[in-house]
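Whatever order the structure lists ligands and atoms in, that order sets their numbers, starting from 1. Everything numeric in this text was worked out from a predicted model, so none of it was measured. Counting from 1, the numbers follow the sequence of the chain as shown.
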Amino acid sequence: MPLNGTHFKNLCDIDLRISTFDVASIFKNMTSKLPNTGTSIFTTMSQRAAKHGALNMAQGFPDFDVSQELIDRVALHMNEGRNQYPPSAGIPDFRQAIAEMHSHHFGTSHDPETEITVTSGATEALFSTITALIHEGEEVIVFDPAYDSYEPVIELQKAKTVHLKLSDHDFTIGWQEVVSAITDKTRAIIINTPHNPTGAVMTDADMLALDKIATEHDLIVISDEVYHHIVFDGAKHRSVLQYPELAKRSVAIFSFGKTFHATGWKVGYVAAPKEITAEIRKIHQFVTFTTHTPCQFAIADFVRNPSNYEYLPDFFQKKRDIFLDGVKGSRFEGSPASGTYFQLLRFDNISKESDTEMANRLTREFQLASIPISNFFADGHDASYLRFCFAKEDNTLEKAAEILQKI
Ligand SMILES: Cc1ncc(COP(=O)(O)O)c(C=O)c1O
């Protein structure tokens with residue numbers, strides 16, 4: 001068949017040529033909705049790790065497997081035929097099990113019917129929440145270094161991200177600075193505790209300050225709490241859900257990927273007051289509609305036994321300490337992470353390179369991949385920190401520490 005004067009030998013050739021012509025002409029008239037967004041630093045560093053055969057302490061996922069019991073439960077529910085669409089908000093028994101976990105863990109009570117929504121990971125929860133609640137022209141305060149899922153979604157709403165910085169020293173929020181940044185356009189504050197990438201955990205005093213500011217200025221709080229089970233040294237996670245006034249204006253976001261070492265399953269959820277939940281569900285139904293059915297049934301069974309998550313603080317604290325003990329005496333410095341499975345190490349004693357140059361050199365010359373923290377700052381602020389994920393087998397942590405001792 002002639003097409004633009006060319007004869008094609010078979011259908012496959014035609015398909016290729018049509019797509020090349022069309023894409024080229026379509027792109028000329030197209031503006032990106034996210035012009036500043038490229039490949040994430042996690043993907044970039046993982047690719048470099050693979051290229052140089054490096055230990056990958058860059059990307060935030062465990063190198064050990066999900067509990068066999070949980071895997072067996074997914075298989076069981078699949079084999080028993082629970083494979084079709086569940087309700088959009090999540091299967092009722094799963095939402096009930098989540099409400100029970102919150103009651104056990106946070107001492108809160110939610111109506112699972114109207115206040116809990118299962119999502120395809122926290123990423124989808126963040127997308128559906130920000131899309132539902134933030135409007136064009138509004139401002140949203142985030143704290144740098146910030147996880148990379150917030151700003152692009154705010155930008156898609158044609159809203160503005162207002163970046164404040166955590167302190168370089170102990171990664172705390174300057175509440176007075178927050179008050180000064182609030183304008184009549186400010187609609188929401190996004191917090192993340194325990195915090196990726198710094199490992200900082202917000203205190204009761206932080207939550208009370210947030211409560212006061214959010215109430216006085218009538219703001220929504222979006223609280224990313226995906227590492228809520230992972231806190232160390234006897235620290236307690238503080239959830240926005242535990243502060244009754246704050247909870248009335250807050251959306252709390254969680255992920256079972258982190259809790260059950262199953263980041264690839266993408267099962268998360270949102271807890272929010274009824275009216276806010278109703279708006280989030282309107283978006284959620286057109287993003288994913290719902291989430292993998294057998295995983296919901298399996299996690300509902302599993303989460304009802306608190307011993308399946310209560311071991312996490314000790315388990316990860318031991319890993320953090322293996323890594324930090326191994327690094328002791330090296331020229332890297334860092335205060336122990338209070339939560340998450342990330343440890344920051346500072347290298348300004350060693351080199352005046354940028355954090356990106358240092359991370360690249362570590363990967364290339366020493367076969368150890370990490371994440372340079374300047375990537376989490378809108379203005380590229382570089383305080384010579386690298387992030388290491390310690391959700392790894394003990395011998396991986398020991399090997400990584402040995403490498404750092406040589407530098
Ligand atoms: C702070 C934070 N929020 C959200 C997410 C996304 O979680 P999920 O994998 O459940 O989408 C992550 C994942 O690394 C994270 O670190």
**Message:** Once you measure the plane-to-plane angle for H261 and F316, does it fall in the parallel (<30°), tilted (30-60°) or perpendicular (>60°) bin?
**Reply:** perpendicular
**Request:** Give the atoms of ligand 1, by number and element, whose distance to some non-hydrogen atom of S255 is under 4.0 Å.
**Result:** 8 (P), 10 (O)
**Asked** Does the separation of the ring centres of F302 and F260 fall below 6.0 angstrom?
**Response** yes
**Message:** Quick check: Y227 and ligand 1, any N/O pair under 3.5 Å apart?
**Reply:** yes
**Asked** How far is atom 7 (O) of ligand 1 from its nearest protein heavy atom, and which residue and atom is that?
**Response** A122 CB, 3.4 Å
**Asked** What residue and atom, counting heavy atoms only, is the protein's closest point to atom 1 (C) of ligand 1, and at what distance?
**Response** D224 OD2, 3.3 Å
**Item:** K165, NZ: over 12 other non-hydrogen atoms inside 6.0 angstrom
**Value:** yes
**Prompt:** Do T263 and ligand 1 have an N or O pair less than 3.5 Å apart?
**Reply:** no
**Prompt:** Less than 6.0 Å separating the ring centroids of F171 and F143?
**Reply:** no
**Request:** Take the angle between the ring planes of F376 and F42 and call it parallel below 30°, perpendicular above 60°, tilted in between.
**Result:** perpendicular
**Asked** Which of the atoms of ligand 1 are close to N192, meaning less than 4.0 Å from one of its heavy atoms?
**Response** 1 (C)
**Request:** Considering only non-hydrogen protein atoms, determine which one is nearest to atom 6 (C) of ligand 1 and report residue, atom name and distance to 0.1 Å.
**Result:** T123 OG1, 3.4 Å
**Prompt:** Which of the numbered atoms in ligand 1 are below 4.0 angstrom from a heavy atom of G121?
**Reply:** 10 (O), 11 (O)
**Message:** Checking contacts here: is it the side chain or the backbone of K266 that comes within 4.0 Å of ligand 1, counting heavy atoms only? Could be both or neither.
**Reply:** side chain
**Asked** What about F390 and F342, are their ring centers closer than 6.0 Å?
**Response** no
**Message:** Counting non-hydrogen protein atoms only, what is the nearest one to atom 14 (O) of ligand 1? Give residue, atom name and distance.
**Reply:** K258 NZ, 2.6 Å
**Prompt:** So Y309 and H105, would you call those rings parallel, tilted or perpendicular, with 30° and 60° as cut-offs?
**Reply:** perpendicular
